[in-house]
Amino acid sequence: MAARQVTARWTGGNRTRLAPQSVRSSDVAKASSESVAPQVARGFWRKYVFSTDHQIIGRQYYFLALFAALVAMFLSWLMRVHLAWPRLAIPGLSALSASGAPAGLMTPEYYLSLLTVHGTLMIFFVLTTAPQAGFGNCLLPAQLGAERMAFPRLNMLSFWLTFTSLGVLLASFLVRGGPAISGWTAYPPLSALGSITGPGEGLGQSLWIISIALFCVASLLGALNFITTTLDLRAPGMTLMRMPLTAWAWFVTAILMLLSFAVLLAACVLLMLDRVAGTSFFVPSGLIVSGQMIHGHAGGSPLLWEHLFWFFGHPEVYIAILPAMGVTSHLLSCFARKPVFGYRAMVWATIAIGFLGFLVWGHHMFVSGMNPYSAFAFAVLTVIIAVPSAVKTFNWLGTLWGGRLRLTTAMLFALGFVSIFVSGGLSGIFLAEPPVDVQLHATYFVVAHFHLVMGMAAMFGIFSGTYFWFPKMFGRMMNETLGKIHFILTFVGAYCVFMPMYFLGMAGNVRRYAQFVDPYLQPLMPLQRFITVAALGLGAAQFLFIFNLFWSLFGGKKAGENPWQATTLEWATPGAARAVYRGPYEYAVAGQEQDFVMQNAPDAGPSRARKEAADDNADQISNA
Amino acid sequence: MGKLLAFTMVAATVATVVLFWRRVWWFPPNISTVGAGVDGDFRLTLWVTGILFVAAQLILAYCIGRRPKAGRARYLTGNLRMEVAWAVVAGATFIGLALHSYRTWARMYFIGAPPNAVKIQVEAEQFAYWFRYPGPDGVFGPMHLRLINDATGNYFGLDPARDPTSRDDIVTATLGIPVDRPVELLLMSRDVIHSFYVPELRIQQDIVPGMVIPIHFTATRTGNYEIVCTQLCGLGHYAMRAPLKVMTEAKFKQWLARQAAEQ
Amino acid sequence: MERYGHGSGKVRRHGPRAVQRSGRLWLGALAACAMLSSCSQPRPHVMASKPTPINPATVGEIDGTIYFKGTPPRRQVIHMNEDPVCASEHRGRPVHAEDGKVNPNGTLPNVFVYLRAGAEKYVFAPPSRPVLLAQKGCMYVPHVLGIQVGQPLEIISEDPTMHNVHLIAKNNPEWNVSQAPGAPPIFKTFSRPEVMMSAECNQHPWMRCYIGAVANPFYAVTGSSGEYALRGVPAGTYTVEAWTATFGTMEKSVTVRPKKTTQANFTFQPM
């Protein structure tokens, strides 16, 4: 009932729209009374394994992503060592795969298997899973003032589908021929004709498709859950324009997932049908593979797969990066002790990136044989999407400008995000221009671009989220000294590994090569070796993080209620009224005892007036 | 920590700028008429993004590394005028860059090959390229899928006994072309998607099964170069390549005659 | 972890062990998946019974010569300049395609002669001595080889470049595996008789060899003399087939008498 009164009080204001909350506050109350109690009575399996509690599910996602990241990193080590020293027998590798690495010498097909699994793990099971499903589940309801996610059982199903999907992918290491060798893009006909096109293209490729299809279903369920939760379960007073930028990022990302994974799911089904049911969506007639005529296919187009795949694939890039952008915005404000510079612009930039993200997929296909006129149209649309990203960067710097920086590990990673995002993002402008892309396409320039902008930057977002929310998720603080060492090594490592790849790409070094045998690539080998050494170091530094994470789980300092003096609801006292009175980034508010005001702090008479004045003032500045 | 991070950022920025400036690693020299446009577009983009890169990194480093002030920050929630101005400037610059690249792109793809171009078929397979010249009659003889056999060297499935137009066709494993004369390649693939990339020519084009994709260019410098595959096509992807020989017109004629004699 | 070809029995062992370790349902499902995969490939040939005892007094011999009548086809020069390593192995000498080769004496090399029918009632133990297939100068040596079902095939590479051996077969499981310079030999066996399979190297698409797997030791490949001999054949009537890559196949019914030699010559013509 308290909530209803709050609503009544606030609907009087003309600037604040609070429409749906008054109807739903009773639902929220009912939902909360349901979800708080019953978990306690359940046994271990229902509580920790097949749990419907979003907090548990979020952590399950997080640790699944951590496991996937470690496996993928290990694979990248193997690949990098092989690239730098192709004739070196890697001790013990033949135990992992007798035919993939006889006597420890990696075969090209095994390299491509590792490449495929590395890309698939990182993109789907790390970058899609940790920042969205992991942090989102743990924190979205808390930030919105909801007691739970909208569909707890769907949530559980979604996680276990993801888990199964990961299992299916890794199972391809056990089958004849090994995992697929067609990369995470799985272009047909390579991926559509079975083992005739290469080892791994038999059962391995089928398992890959099944795994990705399952992942699509899981993501669709998860996205539905996120969207519904955001639209329906917000606390009274939590208008859309009062949501933290993290919540905005999760919300827009969920919409992207809903629209893009549906297309990938369809594409996977079609590809599977081409493989097993004799359809010809992607396979044209008259193919001769390894001297064998391929019968029974006619009329398909490999370009159709490229269109479908990249219609998913480009939004996927933003699915990976938007939550990290949200975390960065959130943390820069908190640790600069300043409101987010241009909150509204940040929201609209997020929405614009989400919308434009669906219109630019063709820039992956400039050299694909697609109509060159449409290529140019995609080029113009692509550079437009750089504008919201540029606005975001501008506003991050604006938030930092004049801030009172508290350089916690979480903040360091957020700052590192901005630096790496700029270094990786700007190279996208080159690749958006078709004639320049012709030269740089499929070279290490592209590898550098996406590893920095969506690989490392998103990882930095995950790290800063981890250091920031660890006290919320596990009740203890992570070790800051270890964290800072981890940060500086990761930051330097990321630059050392990925910046040189720009130069490799400019020199014409093609990506996805199992070895570099061409004479013109030989002068680049010293740089390749440097990258490998840096990658080994960058990977090794991550064990500091793993150690810190698990050590702090049990031995970390006990965290207080709001250790970072943050304003958003996830740091509110448990059980406190979840009504919201103000925007999410009220730092440095004049006339307050502390330099921050929590979203759920009710206004005392005079200070409220002052705050409204400040709001008006701010609006005047921004409207002027 | 702030000072250390700011220093690292500045160091990374300076190192990047120096490496670009000194061209420690750079593009291979351009040997095609369209390449100058590609290089020009790249340089222009490098200047624009380079300025943005340095500015963003230095501002960031300044914010991190400067002496922290006491007291509270100013309560500043944004500045719409500045944000809009920045969005307009950035948008205009980026769109300008994209539009600027129109000329080069049009020369590559919107304008067809001139009629005097040397026509050559390129057939890609796992993991090799084969080239076919139409011979004196200027006509490519028909291809018969059933006759394609790598072990006997019939890469294009020709049947010279029955098809008179096939008799003078010349099939090679090296792409020999004359310098300063337009060349039109008709790209075909027998199995999976491959690509045709010669970094020196500034030309890259996927070769898609089921399609014949024409590209054209004019080489401006003689020499031996390498065609490489850039589209993941299977286990031998990394080793899929073919020699490109750019010759003077006279040498090209001799070379072609020598190839014809070997058929 | 994965195994090719004959190793299917080993793949099957992976499944149950994995289940024991974790005890989780899903892993069981995955193991079942892996098991299914190994079951779906043809099962290894299991000897139905012990080798048939053969009385040396009852065996005879088939021999003959494979002739060619007509104009030999022109053989293409193989262009190896795609891989400079291959070209340099031949020191600039032109290499011609092996298919369609005719000996100077008018006989055919690379003909696979075997008993297509008539020997089914006998069971022969597979020899443990491997048949060697070498990759030399980016060509297969030999170009045509015979092997007994269950007998190991040893594949070696003498070239300082990467090869892959891609087996194209109908009755036997296909496989495709790379062999780096300096990598250990690859061993394969064939579980079912099949004439003819081919092995190709995709990195050097001109490389192809033919492998005939038969259930008995009575097979031969002709060489520079065009002659062959099948020795120790139990008395009886057989269908002898001569297989060529370019000129088709021919067959003859041949009756073998104890301690006698039966002639069976074949004459091929251009297709």
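Residue numbers begin at 1 in each chain, while the letters A, B, ... track the order of the sequences.
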Identify which of C:Val77, C:Asn164, C:Asp83 forms the greatest number of heavy-atom pairs closer than 4.5 Å to chain B. C:Asn164
Minimum heavy-atom distance between B:Ala239 and C:Glu82, given as atom pair plus value: O-OE2, 4.1 Å
With a 4.5 Å limit on heavy-atom distance, are the side chains of C:Gln76 and B:Tyr155 in contact? no
Distance, nearest 0.5 Å, that separates CD of C:Glu200 from CG of B:Asp150: 7.5 Å
Close side-chain approach of C:Asn202 to B:Glu125, heavy-atom, < 4.5 Å: no
Side chains of C:His79 and B:Val171, heavy atoms from C-beta outward: is any pair under 4.5 Å? no
Under 4.5 Å from any heavy atom of chain B - which part of C:Arg75: neither
Which bit of B:Glu226 is near chain C, if near means a heavy-atom gap under 4.5 Å: side chain, backbone, both or neither? neither
B:Arg167 atom CZ, over 12 foreign heavy atoms within 6.0 Å: yes
Under a 4.5 Å cut-off applied to non-hydrogen side-chain atoms, are B:Thr172 and C:Asn81 in contact? no
For atom NZ of B:Lys245, is the number of surrounding heavy atoms from other residues, nucleotides or ligands below 6.0 Å larger than 12? no
Let me confirm one number: the OG1-CD1 distance from B:Thr152 to C:Ile78, rounded to the nearest 0.5 Å. 9.0 Å
Smallest heavy-atom separation, C:Pro205 atom then B:Phe127 atom, equals CG-N, 4.2 Å
